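The shown structure was predicted, so the numbers you read here are calculated from the model rather than taken from an experiment.
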Amino acid sequence: MSDLELLNREQQEAVLHVDGPLLILAGAGSGKTRVLTYRIAHLIDECGVNPWNILAITFTNKAAGEMRERVDKIVGYGSESIWVSTFHSTCVRILRRYIDRLGYDTNFTIYDTEDQKTVMKNVCQKLQLDSKLYKERMLLNVISHAKDEYISPNEFLLEAKGDFRQEKIAQAYVEYQKELKKNNALDFDDLLVKTVELFQSCPDVLEYYQNRFRYIMVDEYQDTNTVQFKFISTLARQYRNLCVVGDDDQSIYKFRGANIRNILDFEKVFPDAKVVKLEQNYRSTQNILNAANGVIANNRGRKEKALWTENEQGEPILFQQFQNGYEEAEYVSGEISKKVRKGEAEYQDFAVLYRINAQSRLFEEKFLYANIPYKIVGGVNFYSRKEIKDILAYLKTIDNGKDGLAVRRIINVPKRGIGNVTLAKVQAYADSRDISFFEALEEAGEIPGLGKAALKIQPFVHLIHEMRLSLADMSMQDLIQAILDKTGYAEDLKNEDTDESEARLENIDEFINKAVTYEEGAEEPNLSGFLEEVALVADIDSVEDGDNRVLLMTLHSAKGLEFPYVYLAGLEDGLFPSYMSIAADDPTEEIEEERRLCYVGITRAMKELTITCARCRMVRGETQYNNVSRFVREIPSELLARKSVIPREPKKPEVPQNTSYQKAKEAFRTKTFDPQQFKVVKADKLDYTVGDQVSHVKFGKGTVLEITEGGRDYEVKVDFERFGVKKMFASFAKLKKV
DNA sequence: TTTCCTGAATTTTTT
DNA sequence: ATTCAGGAAA
């Protein structure tokens with residue numbers, strides 16, 4: 001049962017508005033998720049709305065999962081039939097059912113950025129475009145933008161008439177789409193575009209979904225782009241029960257096509273819209289909030305908003321400048337260790353936020369050194385690693401024969417002696433017959449000029465056929481294992497026997513785990529479903545609560561999260577705001593976007609905010625000298641506690657042993673007393689025992705002296721050849737048996 | 001056909 | 001600094 005007493009007046013107002021368009025302007029930390037969940041509960045429990053008729057769209061799968069969980073708790077029953085998901089998954093679900101109306105197969109594949117680039121490369125070759133003048137990335141960017149704005153290749157072509165360069169780009173767009181269709185593939189943007197196309201060309205489909213989704217809610221509305229707006233406004237046209245929640249000050253995805261006008265002009269598009277402002281912040285201290293307000297006040301053209309809080313004043317914002325990035329990272333790791341050691345906080349209470357992923361490296365190094373458990377969000381996506389992409393390509397080939405890209409990726413992996421020359425002949429044959437690449441391979445014997453290469457192709461084709469046949473009575477795990485065994489992929493990696501190949505094998509194991517998890521969790525597990533899930537995960541989705549680690553991530557990833565202690569690192573002009581924004585054609589606008597990003601960062605903090613920067617920093621192998629970020633100057637100075645730069649005495653090359661030991665012990669103790677421990681699963685088994693030789697990322701080789709079983713994790717004592725005896729948590733240390 | 005080497009480009013942020 | 005692509009040699 002929902003209890004409206006727990007909400008403030010504005011929140012109640014938003015919850016109680018049931019019919020007609022509703023815009024909720026929700027400042028940072030004003031409880032918008034709470035309002036959304038209560039509103040859903042209210043619709044179901046009080047207004048008799050069928051949960052089946054509710055669609056809630058969030059930005060990430062993680063947010064969707066959390067919302068479902070929270071709704072589950074307060075809704076009497078039926079919450080499982082509410083459709084809660086991201087824009088992209090929603091569209092995929094619709095397209096899997098109806099995309100055949102647009103001439104695609106319903107088992108289409110989804111191309112990631114790398115796949116897109118490969119396709120574009122082929123397109124450029126075909127059109128004989130000079131890759132110096134027309135860079136693939138640039139072309140893809142332009143096309144992506146066109147799609148964000150729902151501009152079709154033909155419209156683009158019309159627009160481009162008369163401009164030679166634009167016409168070339170338009171041709172590339174046309175050709176690119178053709179290529180995708182031939183492969184029965186969609187890129188990320190297509191998911192939205194094709195769904196809207198579907199709605200426009202098939203009134204019966206649209207009507208079905210309009211009737212189904214009578215109540216639509218959209219979170220993070222400030223970050224929607226034009227197609228996304230088209231999608232939801234088309235769906236909502238019938239019943240007009242559209243509720244959007246957002247904060248124009250947190251719009252940070254312009255580069256991805258987000259159209260801030262969607263939120264600013266909502267009342268123009270829906271003149272009868274009710275507008276509710278949530279201005280009370282429940283998250284941060286007075287000081288943090290004032291700092292955020294001070295910064296964002298420098299932006300023009302915002303919606304009028306005054307964020308306030310009843311929370312206490314809190315600590316001043318700590319600001320500190322260091323000589324270089326090293327010292328900055330060392331300071332942060334030191335502070336975190338200190339706080340945890342004192343028992344003031346746990347690791348999971350901290351987040352380190354930065355502008356670009358590359359900044360994570362220094363922190364990682366220092367954290368490893370200080371034995372601080374951490375998790376880096378983002379960076380190289382797990383699913384874009386070579387070995388994972390290879391296996392995925394096999395799976396895609398088995399699942400969707402039309403995806404020529406996947407086939408071409410793996411036809412010679414592992415080596416089968418099939419090279420470019422052969423591939424070109426097969427491709428030419430496929431093109432002339434208008435069949436897919438794989439179909440051409442099946443007829444390899446008929447292809448003129450192939451000679452004995454055809455004999456090399458046959459076993460591969462045979463293998464895929466075999467897999468397809470046994471697909472029905474194999475689990476996902478068996479299937480992947482079969483691929484690894486029958487192709488000799490795993491064998492090759494084992495024989496290679498380097499650190500790198502070992503890491504790859506580990507990644508593959510991890511991948512199998514994910515497949516198993518999928519199979520256990522999904523309602524109707526199948527190969528296409530798995531591939532789809534893999535294609536649509538965001539980095540942030542893998543972050544779980546109750547994992548006691550410091551989180552490191554970009555400011556973009558941090559949107560929607562909160563932490564008691566936040567470190568905002570690298571506040572330097574040129575890094576944040578980025579050099580790109582300062583040097584842009586229209587710096588004002590770009591810097592305003594960076595400022596919003598800064599606002600997002602500051603408002604993540606609940607109790608304490610520390611801002612750091614470095615005088616000089618290595619960028620692309622060159623040392624750069626940067627000034628303190630302009631954003632720091634925008635924080636009212638009375639809120640700032642500036643610390644002077646502490647000159648560092650030359651560091652001993654080694655952390656004193658007992659310190660790190662005590663740290664580990666201390667942390668261990670706090671964990672043991674944590675009642676949450678019972679929820680946490682300990683690493684099931686260690687693959688090394690006492691006496692084994694192991695290696696550690698930072699400390700190198702060593703011998704296991706002792707393994708103690710703790711409540712939450714194993715504690716392992718290792719004698720390292722170069723660093724002496726250290727004690728560490730097994731799940732964190734990631735020791736590898738040598 | 002593969003491997004090894006050199007030169008060039010790359011880094012903003014992501015579903 | 002590191003990765004990646006293209007070209008030459010094996």
Side-chain angles (χ1 to χ4, degrees), chain A residues 57-64 85-92 110-114 116-118 121 131-132 135-138 140-141 144 147-148 186-193 220 223-225 227-228 251-258 325 353-362 377-381 383-384 386 411-424 452-453 456 532-541 553-559 570 574-584 590-591 593-594 596-598 600-601 617-624:
Chain A
I57 294 185
T58 60
F59 234 66
T60 61
N61 297 300
K62 178 175 154 63
S85 71
T86 65
F87 271 108
H88 295 269
S89 335
T90 304
C91 289
V92 170
I110 301 166
Y111 276 179
D112 66 13
T113 335
E114 203 190 313
Q116 288 178 282
K117 231 173 133 187
T118 315
K121 225 179 259 171
S131 64
K132 282 271 171 340
K135 295 224 175 78
E136 289 127 25
R137 246 189 46 152
M138 176 282 268
L140 287 167
N141 275 336
S144 171
K147 289 180 178 178
D148 287 343
L186 301 183
D187 65 18
F188 283 126
D189 305 310
D190 278 341
L191 296 176
L192 265 306
V193 172
E220 308 282 8
D223 285 321
T224 53
N225 60 32
V227 221
Q228 288 167 335
S251 165
I252 54 174
Y253 282 106
K254 183 164 162 258
F255 71 93
R256 210 171 65 187
L353 308 181
Y354 37 75
R355 179 68 239 270
I356 60 171
N357 279 311
Q359 284 174 265
S360 67
R361 249 195 53 201
L362 290 175
V377 179
V380 198
N381 188 314
Y383 292 105
S384 51
K386 256 189 223 93
I411 184 145
N412 203 29
V413 177
K415 307 259 179 297
R416 296 187 178 89
I418 304 167
N420 280 330
V421 185
T422 311
L423 291 188
K452 56 182 177 351
K456 294 179 186 161
E532 174 182 314
E533 191 169 287
V534 163
L536 296 179
V537 289
D539 296 313
I540 195 74
D541 295 339
M553 66 187 117
T554 62
L555 289 150
H556 283 88
S557 302
K559 194 178 67 163
L575 184 64
F576 187 28
S578 74
Y579 177 74
M580 301 283 271
S581 64
I582 298 172
E590 302 263 324
I591 286 185
E593 172 118 345
E594 298 273 311
R596 289 193 289 268
L597 196 52
C598 184
V600 168
R617 187 180 289 280
M618 283 281 251
V619 182
R620 294 211 276 290
E622 255 178 301
T623 309
Q624 249 177 33

Discussion item. Which residue in the set D190(A), L192(A), V193(A) passes side chain to side chain contact (heavy atoms under 4.5 Å, CB included) when paired with C91(A)?
Written reply: L192(A)
Fill in: Per-nucleotide protein contact string for nucleotides 5-10 of chain C, where B marks a base within reach and S marks sugar-phosphate only (heavy atoms under 4.0 Å, - for neither)
------
Worksheet item: Does D223(A) come within less than 4.0 Å of K254(A), counting only side-chain N to carboxylate O?
Response: no
Worksheet item: Do the two ring centres, one from F255(A) and one from H556(A), sit under 6.0 Å apart?
Response: yes
Item to complete: Would you please say whether a donor-acceptor pair under 3.5 Å links the side chains of T90(A) and S85(A)?
Response: yes
Discussion item. Rounded to the nearest 0.5 Å, what separates atom CG in N225(A) from atom CD in Q228(A)?
Written reply: 4.0 Å
Worksheet item: For S85(A), which contact category applies under a 4.0 Å heavy-atom criterion: base, sugar-phosphate, or nothing?
Response: nothing
Worksheet item: Is E593(A) salt-bridged to R596(A), cutoff N-O under 4.0 Å?
Response: yes
Item to complete: With P as the reference atom in both, quote the distance from dT13(B) to dC4(C) in angstrom, rounded to an integer.
Response: 15 Å
Worksheet item: What one-letter contact string describes nucleotides 9-15 of chain B from 5' to 3', where B marks a base within less than 4.0 Å of any protein heavy atom, S marks contact via sugar-phosphate atoms alone, and - marks no contact?
Response: -BSBBBB
Response to the item:
Sorted by chain and number, sequence neighbours left out, side chain to side chain donor-acceptor pair (under 3.5 Å) with R256(A) holds for none
Worksheet item: At what distance, to the nearest 0.5 angstrom, does CZ of R416(A) lie from OG1 of T422(A)?
Response: 13.0 Å
Worksheet item: Mind checking the C1' distance from dG6(C) to dT11(B)? Whole angstroms is fine.
Response: 22 Å
